[in-house]
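Working notes for the structure below.
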Amino acid sequence: MKIVMLGAPGAGKGTQADKIADQYGLPHISTGDIFRKNIKEGTELGKEAKGYMDAGKLVPDELTVRMLLDRVSQEDCSKGYILDGFPRTIPQAEALDSELKRLGENIDFAIDVEVPDQNIINRMSGRRACPKCNAIYHIEFIPPKKEGICDECGEELVIREDDKPETVKKRLEVYHEQTQPLIDFYDKKGVLHTVDGRVDAEDVFEAIRSILK
Ligand code: ADP
Ligand code: ADP
Ligand code: ZN
């Protein structure tokens, strides 16, 4: 089963992708997480990506597509995967599509998590992330058991550098311009499903579960 998560930055794609990964035993592939890991490790890819990410812009398609296609060709993806944060542009979706065609495969579900822009800033300003295991929390809505500490691995949680309100505004603009057209792209393929992302994360997951059944 191959799933694409769609939605604005902060809509809850990563949170839901984690739950789907747990329940269905599929790898959760977040291009943002892969970029952040490369930045932390100081790789060439990380150096190239960092400037774009800090400015709230997209990393160029060529680089991103190459990285993603390499990732999904790995052994743990043979039964499927959940893509979170990819594709983000029409050329990325087309590149994925033509690779899948070549393999005789296709995306089974594209799930759009809908949250209006006015709720997004709030979500992003309270987001805390685990730099070690990538677990996601919110200081108000989804707090860790112990303040500032990851429930899963005990690491200290961090505020993402690109979650500042100015950068979030830019990311939302980029989303509407470049990523939102993907909703139509997957709708035309007949695999689009929309869920209301404003409700509790558990309730969003219930809606997704009934789609995947
Ligand atoms: P969010 O969780 O807010 O949606 P991500 O962690 O997915 O953010 O992405 C963080 C940043 O990484 C993006 O703003 C962008 O700069 C870069 N990035 C991640 N995925 C892609 C992609 N598919 N194409 C281009 N840039 C990407
Ligand atoms: P995305 O991957 O789309 O950028 P995240 O999953 O990182 O979004 O969620 C953004 C922030 O909102 C995080 O702080 C997360 O804990 C919180 N969050 C996720 N889902 C919900 C929800 N249904 N209600 C309230 N807060 C949520
Ligand atoms: Zn952790």
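Indexing begins at 1, ligand by ligand and atom by atom, following the structure's order. Since the model is a prediction, treat every value here as computed from it, not as a measurement.
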*Are Asp61 and Thr89 close enough that a side-chain donor and a side-chain acceptor fall under 3.5 Å?*
yes

*Determine, using heavy atoms of Arg127 and all atoms of ligand 1, whether some pair is separated by less than 4.0 Å.*
yes

*Angular separation of Cys150 SG and Cys133 SG about the Zn ion (ligand 3), given to 10°*: 100°

*Distance to 0.1 Å, residue and atom name: give those for the protein heavy atom nearest to atom 14 (O) of ligand 2.*
Tyr137 O, 2.7 Å

*Rounded to the nearest 0.5 Å, what separation is found between the CG atom of Leu6 and the CZ atom of Arg88?*
10.5 Å

*Option nearest atom 15 (C) of ligand 2 (shortest heavy-atom distance, choices Asn122, Val195, Ile136, Val204)*: Ile136

_Return the closest protein heavy atom for atom 8 (O) of ligand 2 as residue, atom name and distance._
Gly12 N, 3.1 Å

*When rounded to the nearest 0.5 angstrom, what is the spacing between CG in Asp18 and SG in Cys133?*
8.0 Å

*Nearest protein heavy-atom contact for atom 26 (N) of ligand 1: which residue, which atom, what distance?*
Val59 N, 3.0 Å

_Asp112 and His193: side chain donor to acceptor below 3.5 Å_ = no

_Within-cut-off N or O pair, Gly85 and ligand 1, under 3.5 Å_ = yes

*Pick, from Gln92, Lys13, Arg88, the option with the minimum heavy-atom distance to atom 5 (P) of ligand 1.*
Arg88

*In the protein, what heavy atom is nearest to atom 18 (N) of ligand 2, and what distance, to one decimal place, separates them?*
Ile142 CD1, 3.7 Å

_Contact partition for Asp162 relative to ligand 1, non-hydrogen atoms under 4.0 Å_ = side chain

_Taking Lys188 first and then Asp184, would you say they form a salt bridge - that is, a charged N and a carboxylate O separated by under 4.0 Å?_
yes

*Short side-chain to backbone donor-acceptor contact, Asn122 and Gln118, under 3.5 Å*: no

*Tell me which part of Thr15 gets within contact of ligand 2: side chain, backbone, both or neither, using heavy atoms under 4.0 Å.*
both

*Does Lys13 reach the main-chain N or O of Ile111 with its side chain, forming a donor-acceptor pair under 3.5 Å?*
no

*With backbone taken as N, CA, C and O and side chain as the heavy atoms from C-beta onward, which portion of Asp200 lies under 4.0 Å from ligand 2: side chain, backbone, both, or neither?*
backbone

*Please identify which atoms of ligand 1 are closer than 4.0 Å to at least one heavy atom of Thr64.*
22 (C), 23 (N), 24 (N), 25 (C)

*Listed partners of Arg36 passing salt bridge (Lys or Arg N to Asp or Glu O under 4.0 Å), at least two apart*: Asp33

*Counting only heavy atoms, which portion of Ala8 has something under 4.0 Å from ligand 2: side chain, backbone, both, or neither?*
backbone

*Pick one of side chain, backbone, both or neither for how Val199 approaches ligand 2, counting any non-hydrogen atom pair under 4.0 Å.*
backbone

_Interfacing atoms of ligand 2 (cut-off 4.0 Å, heavy-atom, Ala201)_ = 22 (C), 23 (N)

*Going by atom types alone, do Arg209 and Gln23 pair a side-chain donor with an acceptor below 3.5 Å?*
yes

*asked:* Just to confirm my output: which protein heavy-atom neighbour is closest to atom 20 (N) of ligand 1, and how far is it?
replied: Thr31 OG1, 2.8 Å

*Give a yes or no answer on whether the side chain of His28 reaches the backbone of Thr15 with a donor-acceptor pair at less than 3.5 Å.*
no

_Just to be sure I read this right, does ligand 1 sit under 4.0 Å from the backbone of Arg160, its side chain, both, or neither, counting only heavy atoms?_
side chain

*asked:* Does ligand 2 come near enough to Ala11 that some N or O of the ligand is less than 3.5 Å from an N or O of the residue?
replied: yes

*Under 3.5 Å, side chain of Arg123 to main-chain N/O of Ala11, donor-acceptor pair present?*
yes

_ligand 2 atoms in contact with Gly14 (distance to a heavy atom under 4.0 Å)_ = 1 (P), 2 (O), 6 (O)

*Look at the side chain of Thr167 and the backbone N and O of Asp163, then say whether any donor-acceptor pair between them is shorter than 3.5 Å.*
no

_Option whose closest heavy atom lies nearest to atom 12 (O) of ligand 1, chosen from Arg171, Lys50, Met53_ = Met53

*Do any nitrogen or oxygen atoms of Phe86 come within less than 3.5 Å of a nitrogen or oxygen of ligand 1?*
no

*Looking only at atom types and distance, does a side-chain atom of Asp187 sit under 3.5 Å from a main-chain N or O of Leu192, one as donor and one as acceptor?*
no

*Under 4.0 Å from ligand 1, counting heavy atoms only, is it the side chain of Arg36, its backbone, both or neither?*
side chain

*How close do Ile142 and Ala201 get, heavy atom to heavy atom, and via which atoms?*
CD1-CB, 4.0 Å

*Which residue holds the protein heavy atom closest to atom 16 (O) of ligand 1, what is that atom called, and what is the gap in Å?*
Lys57 O, 2.6 Å

_Per-atom contacts of ligand 2 with Phe141, taking only distances under 4.0 Å to non-hydrogen atoms_ = 25 (C), 26 (N)

*Measuring from Asp200:CG to Glu206:CD, what's the distance to the nearest 0.5 Å?*
12.0 Å

*If hydrogens are left out, which of Glu140, Met5, Arg123, His138 has an atom nearest to atom 21 (C) of ligand 2, that is, the closest non-hydrogen atom?*
Arg123

_Closest approach of any protein heavy atom to atom 27 (C) of ligand 1, naming residue and atom_ = Phe35 CE1, 3.8 Å

*What residue and heavy atom of the protein are closest to atom 10 (C) of ligand 2, and at what distance?*
Gly10 O, 3.6 Å

*asked:* Using a 4.0 Å cutoff against the non-hydrogen atoms of Pro9, which atoms of ligand 1 qualify?
replied: 3 (O), 4 (O)

*Electrostatic pair Glu166:Lys170 at N-O distance under 4.0 angstrom*: no

_Spacing of CD1 belonging to Ile107 relative to CG belonging to Asp97, to within rounding of 0.5 Å_ = 8.0 Å

